[in-house]
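We use all heavy atoms of the structure for the numbers below, so side chains are in, but hydrogens, waters and symmetry mates are not. Chain letters run A, B, ... following the sequence lines, proteins first, then strands; residues in each count from 1.
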Amino acid sequence: MDGFLLDVFFGERKGEKGIFLVVKEKKSKKLRYFFDASFRPYFLLDCNYGNLAKEGRAGIKKSIGKVISAISPSQKFNLTPIKKIIKNVQVTLLKIELQDPSLVPKIARELKKFGKIYEYEIPFVHRYCIDKKIWPSTTLSIERSSSGLIFSSADYPVPSLSLLSFDIETYNKGGVSIPSKDPVIMISYDSGNEQGVFSYGGRSDAVISCNSESDMIGKFCSKIEEIGPDIICGYNSDGFDLPYLLERAKRLGTSLSLGLEGETPKCSSHRMRNSCKIPGRVHFDVFSGVLLMRTVGAIRLPRLSLSNVYAELTDKKKVTIDKPNIYKFWKKGGESLTQLATYCQSDSSSAREIAQIFFPLELELSRITGLTLFDVSRATTGKMVEGLLERKAYEKGQIILPKPSFSTISARAQAPIEGAFVKLPSPGIYENIVVFDFRSLYPSIIISHNIDPSTLDPNAPEKEAYVSPQGHKFYKNKKGLVPEVLSNILKTRFAIKKKMEKLSADSMEYKYLNARQTALKILANSFFGYFGYARSRWYSRECAESITAWGRYYIKSAIDFAEKNGLEVIYGDTDSLFIRYGAGGKEKVLKFQSEFNKHLPESMNLELEAFYTRGIFVSKKNKKEKKGAKKKYALIDEKGKIKIKGFELVRRDWSPIAQETQRKVLEILLREGNIKKAVELVRKTVEDLKKEKMPLEKLIILTQLRKKPAEYEVKSPEVSAFLDAKKHGLSLPEDSMIGYIITSKGKTISEKAKVAELAKDYDADYYINNQVLPAVIKILGALGYNKTEFLNKGSQTSLGKW
DNA sequence: GCGAGCAGCGTACCT
DNA sequence: ACAGGTACGCTGCTCGCG
């Protein structure tokens, strides 16, 4: 049978316990389960197998037997020798096969006394896929034999997968809905071809009327079964919709059969995060896709609410509703119910739209890493790298390194490695700037110097090794695991990019390739972090610090080389350098680039990022020494496009009025170079603030509380605003974004800070002197505009400080 | 008792 | 729960002075 491997999970169904594969059959295009109970979980023991006497073996068997008889007496086990490479040396280990995966870590720990244990904490589903050499989210052929399932590759394209989104509304009279008492009042879905809203109680043409909550849940489940989607998605459905529905169904004594063949979702909670499987389909929580986008820097939003994310990704506004009154809309019925239905439907539809944007990327990440779609969509980049390395290590016959112990993790975390180099800029405004950067600096360093724990050897002869700036040696000949995996990733990505050049950007092929190259890029950029990640299996301090040391070496070499060629390097950070060039200087900088590239290893390259007509660097604030500020600059390119980094206006913890004023000042200076106009603008803003006519929403400062309020040592304005709000009976979730305004009442700034909902006025002096002026003064200062000038022409009071 | 100066906390940014 | 480098506001302390 040919099909697409949608999911692999371990569980129990119809009395059968084991591995289930969920496959979309090629012919029927239908989903079906394949059950395989033949594969045994196992771990490895390094007990000096070659010299293991009979008594030793008997001792091991006895120990295993002891644990088994205490927990699960009917369990069988099996011992066989197996060869693995540990640190470049082939050794024979004892493979201990068991029946129940949950016994693996327990028995492994018991056998520690006989030697070092390995591969006892590999998730069973992943273990199965690795050993069976099957890749989730790919097509394959399956045959059933007496000894379980047999796989071979099937060469046909990935079928299109159907995606249905849903959303629920809950009764919320008491503020936050509590699943033990507040019913689900509405459910909507969108499959692309079909939308619908279920509700009960009131009547409206916009809803399919149900008799009760449980009738509604039943009708929803029937609809899912009828449509039979491959993927079910929602927004934060791991954290809210599915656990809520499950709890309601349980209380109502009804089933929530959203899975294939009536299976019900299974929710589990792991380290604060909840996840819900829907057996036989893939439950894709769009929110986890959003989190991934945030970690790779693709989106940056103060709040990751559905409406914010939707607006950011599609440039469209979503229907909204007065959320605290949702229960009233429902109760009222009629037009109100229609309104609520429209809102609920729009939540489903926008979640689906976002899911469609992310899905191709998630699919490729799954295909590349070998993690299931379910797992990869919930994985951090560290988990993805780990999954891929586990597989590749197995393919090469290498041992999968163990997870570090708690004490190892904390020891690693306490000794951070030295990072990148940042060149100190001189404050000022510059004309004609060119920016060069090393694309994929760290990945290319890893490849060109064969950096890997297995190639690291302090005793390597200098001739046979790459020697890092601190003297770590890496063998040149035998290719390391990470360099090998990484160079395949980069090669593939390069080939894809080349292919894309010939395609039109709106073709299906282009979109698919773009998702694939993005997935490869995300992975490539994660390997360095994984070496230095305290919880990493392949952690290597030497590798991580060699990478950054070589990184510093290369960027400094580029700067030196440029300066030796008479060029002025004004700034550089990690892998980039900013050069000022004079009249006719374009050829000169391009010549520098090509000359410099001749000195680099093959896989490394300094590339031209862009030419800029003007740029501004400022000095640091509140420091006596007039040093330039790093990681803060504004540039305008030859097409008039402005790029701003690090300034207050890109930081959400500054008020919109300060951000807006700073943006306008930078724009005026970059586009027109008109200082007077910029100063005039600032003065006008200050006047407006002083008249106390500034709308309050322009004064809201956003800050995230990253700890529980009680855990703070210092009572900062945002903490103080939170506590004040709580005193006023406002229910704000802990660990959330606080929007506050500095009001006029109070002595310290913290006392004056009130959450936006409670603020009635604002402290003009604070917004002038602590927000707007600090945001612009350094910029104007960089242009030789000094405070006396400001004082003379400026209006009295508030400018006095400057 | 009080303001200046500074260290440390804390957040959000850059690559 | 991928890395380190950096800016900078605010609180709360120390210190010197009266």
Side-chain angles (χ1 to χ4, degrees), chain A residues 270-273 291-292 294-297 300 302 379-386 403-404 409 412-413 415-425 435 437-442 522-536 538-539 541 543-545 547-549 551-552 555 571-577 609 618-624 627-633 643-655 658 701-707 711-720 737-738 742 747-753 766 769-771 774-775 778:
Chain A
H270 271 292
R271 2 180 169 77
M272 303 298 282
R273 281 217 89 80
L291 291 178
L292 176 66
R294 191 178 63 172
T295 51
V296 300
R300 211 180 65 212
T380 60
T381 53
K383 271 263 168 278
M384 295 180 202
V385 169
E386 183 176 275
K403 285 185 180 174
I409 292 168
R412 288 173 179 177
I417 60 146
E418 188 183 345
F421 169 74
V422 188
K423 185 175 161 61
L424 184 71
V435 176
D437 56 21
F438 289 96
R439 285 294 143 77
S440 310
L441 177 66
Y442 289 173
I522 289 171
L523 283 171
N525 288 335
S526 304
F527 281 84
F528 156 68
Y530 190 68
F531 273 144
Y533 172 41
R535 314 181 99 88
S536 166
W538 276 270
Y539 176 90
R541 196 188 161 80
C543 291
E545 71 186 6
I547 296 163
T548 56
R552 294 191 297 274
I555 193 65
Y571 181 60
D573 184 350
T574 312
D575 58 1
S576 66
L577 67 160
E609 200 258 328
V618 297
S619 66
K620 288 212 277 186
K621 279 182 193 169
N622 295 337
K623 283 271 180 270
K624 278 172 197 162
K627 278 188 177 170
K630 297 169 174 179
K631 300 180 191 283
K632 270 182 106 165
Y633 60 84
K643 184 168 166 176
I644 295 170
K645 297 285 174 182
F647 276 107
E648 286 76 2
L649 73 95
V650 301
R651 295 180 60 102
R652 62 170 177 231
D653 55 357
W654 281 74
S655 62
I701 298 165
L702 291 173
T703 308
Q704 173 147 31
L705 294 187
R706 297 166 153 268
K707 308 199 275 189
E711 288 168 8
Y712 283 91
E713 285 183 39
V714 179
K715 202 173 160 193
S716 57
E718 56 273 19
V719 174
S720 162
M737 194 64 73
I738 304 296
I742 302 303
K747 261 188 179 171
T748 65
I749 293 168
S750 278
E751 280 175 32
K752 293 178 181 200
Y766 174 83
N769 289 311
N770 295 36
Q771 289 278 327
K778 288 290 168 191

Taking every non-hydrogen atom, the tightest pair across Arg706(A) and Tyr712(A): N-OH, 3.0 Å
Calculate the interatomic distance between Asp437(A) atom CG and dT15(B) atom C1'; express it in whole Å. 10 Å
If you assign each of Phe421(A) and Tyr530(A) to its closest nucleotide in DNA chain C, which residue comes earlier from the 5' end? Tyr530(A)
Heavy atoms under 4.0 Å, any strand shown: does Val385(A) hit a base, just sugar-phosphate, or nothing? nothing
Taking OP1 and OP2 of dT6(C), is either one under 4.0 Å from a side-chain nitrogen or oxygen of Tyr571(A)? no
Under a 3.5 Å distance rule, please check whether Ser536(A) uses its side chain to pair with a backbone N or O of Phe531(A) as donor and acceptor. no
Angle separating the five-pair end axes of the helix from dG1(B)-dC17(C) to dT15(B)-dA3(C), nearest 10°, is 20°
Quick check: does any side chain N or O of Arg412(A) sit under 3.5 Å from a backbone N or O of Pro404(A), one acting as donor and the other as acceptor? no
Please report the closest heavy-atom contact between Pro717(A) and Ser750(A), naming both atoms and the distance. N-OG, 3.2 Å
Of Ala413(A) and Leu424(A), whose nearest nucleotide on DNA chain C comes first from the 5' end? Ala413(A)
Under 3.5 Å, is there an N or O donor on one side and an acceptor on the other linking the side chain of Arg651(A) and the base of dT11(B)? yes
Reckon Phe531(A) touches a base, only the sugar-phosphate, or nothing at all at heavy-atom distances under 4.0 Å? nothing
In terms of side-chain geometry, is the basic nitrogen of Glu648(A) or Lys632(A) positioned less than 4.0 Å from the acidic oxygen of its partner? yes
